[in-house]
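What follows is a set of notes on a single structure, which appears directly below.
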Amino acid sequence: MAKVTLTTFLTLDGVMQGPGAPDEDTSGGFECGGWVVPYADPDMERIVEERFDRVTGFLLGRRTYEIFAAYWPRVTDPADPIASRLNNLPKYVASTTLAEAGWHNSTLVTDAAHAVRKLKGEAGGELQIHGSGELARSLLAHDLIDEMLLMVYPVVLGTGKRLFDEDAVPTAFELVGHEATGKGVAVQRYRLAGRPTFGSFALDD
């Protein structure tokens with residue numbers, strides 16, 4: 001059975017919008033794009049490349065797909081560990097508004113949860129979500145993401161789209177790995193662990 005993983009960049013206050021460039025995603029009047037760039041270093045590059053070493057296919061939301069499709073086909077070096085995989089491996093694009101997905105080996109899906117359940121059962125390997133907050137939230141609500149790699153950057157923005165919102169389904173995760181980059185990015189790997197349990201520190205009467 002395929003494993004579904006999420007890799008995403010987050011600020012300390014949970015913002016995931018527009019990490020790569022000022023104009024990457026300005027929806028909602030967001031003016032803080034490009035907040036990841038000052039923290040790029042060899043550690044960050046290694047961690048991202050290690051994720052791409054394991055991928056067998058991609059699950060992408062519409063906005064992330066459009067951002068990737070505008071950039072990565074222009075990177076034509078077959079030895080590039082990220083471009084070679086994004087440009088050639090299967091890409092499943094969750095969208096109800098796109099009429100077509102023209103990037104090589106891309107398939108549109110309108111019911112993401114149904115499609116992911118089917119994909120998980122059809123093959124092995126690792127289906128990776130990168131960014132794609134709306135898609136990630138919808139799959140988390142159905143317990144369809146097996147593992148998350150959260151790269152938390154030491155910056156607070158105060159505004160922007162977040163991975164978890166007030167409608168998030170209560171879910172427990174197990175920490176299965178962690179490290180920090182030389183520039184202070186906390187990298188945390190979590191595995192789905194079911195529903196939260198609760199208790200109390202109240203003193204007995």
Rounded distance [0.5 Å steps], [atom1] in [X] versus [atom2] in [Y]:
X      : Y      : atom1 : atom2 : answer
Arg189 : Thr5   : CZ    : OG1   : 10.0 Å
Asp25  : Cys32  : CG    : SG    : 12.0 Å
Leu144 : Lys120 : CG    : NZ    : 6.5 Å
Arg62  : Leu108 : CZ    : CG    : 11.5 Å
Asp23  : Phe30  : CG    : CZ    : 12.0 Å

Would a distance-only check, ignoring hydrogens and angles, find a side-chain to backbone donor-acceptor pair under 3.5 Å from [X] to [Y]?
X      : Y      : result
Thr97  : Ser95  : no
Ser132 : Ile129 : no
Asp43  : Ala180 : no
Ser84  : Asp80  : yes

Does the side chain of [Y] come within less than 4.5 Å of [X]'s, by heavy atoms?
X      : Y      : answer
Ile47  : Glu179 : yes
Arg54  : Lys3   : no
Val75  : Leu86  : no
Val152 : Leu12  : yes
Arg51  : Val55  : no
Arg137 : Glu134 : yes
Leu140 : Val169 : no
Arg85  : Gln128 : no

Do [X] and [Y] share a hydrophobic cluster, counting only Ile, Leu, Val, Met, Phe, Trp and Tyr and linking them when any side-chain heavy atoms are less than 4.5 Å apart?
X      : Y      : value
Phe164 : Tyr153 : no
Leu175 : Leu150 : yes
Leu6   : Ile82  : no
Leu163 : Val155 : no
Tyr92  : Leu60  : no

Tell me whether the rings of Phe58 and Phe52 are parallel (<30°), tilted (30 to 60°) or perpendicular (>60°).
tilted
Measure the acute angle between the ring planes of Tyr65 and Trp103, then classify it against the limits of 30° and 60° as parallel, tilted or perpendicular.
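The arrangement is tilted - the two ring planes meet at 30° to 60°.
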side-chain contact (heavy atoms from CB on, under 4.5 Å) between Thr181 and Val187, worked out:
CA-CA 8 Å; Thr181 71; Val187 183; 4.2 Å; yes
Which atom of [X] lies closest to which atom of [Y], heavy atoms considered:
X     : Y      : value
Val15 : Leu157 : CG1-CD1, 4.0 Å
Thr26 : Gln17  : C-NE2, 4.2 Å
Ala40 : Met44  : CA-SD, 3.6 Å
Met16 : Thr8   : CE-OG1, 3.2 Å
Phe68 : Pro73  : O-CD, 3.5 Å
Asp13 : Arg162 : O-NE, 2.9 Å

Is it true that Arg46 and Asp53 make a salt bridge, defined as a side-chain N closer than 4.0 Å to a carboxylate O?
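Judged by the 4.0 Å cut-off on N to carboxylate O distance, Arg46 and Asp53 do not form a salt bridge.
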If you draw a 6.0 Å radius around [atom1] in [X], do more than 12 non-hydrogen atoms from other residues or ligands fall strictly inside?
X      : atom1 : answer
Glu122 : CD    : yes
Glu126 : CD    : yes
Glu31  : CD    : no

Can you list the steps and then say if Leu127 with Val116 is a side-chain contact (heavy atoms from CB on, under 4.5 Å)?
CA-CA 9 Å; Leu127 296 170; Val116 170; 5.7 Å; no
Would you please test Thr171 and Arg195 for side-chain contact (heavy atoms from CB on, under 4.5 Å) and show each step?
CA-CA 5 Å; Thr171 307; Arg195 295 287 168 254; 3.4 Å; yes
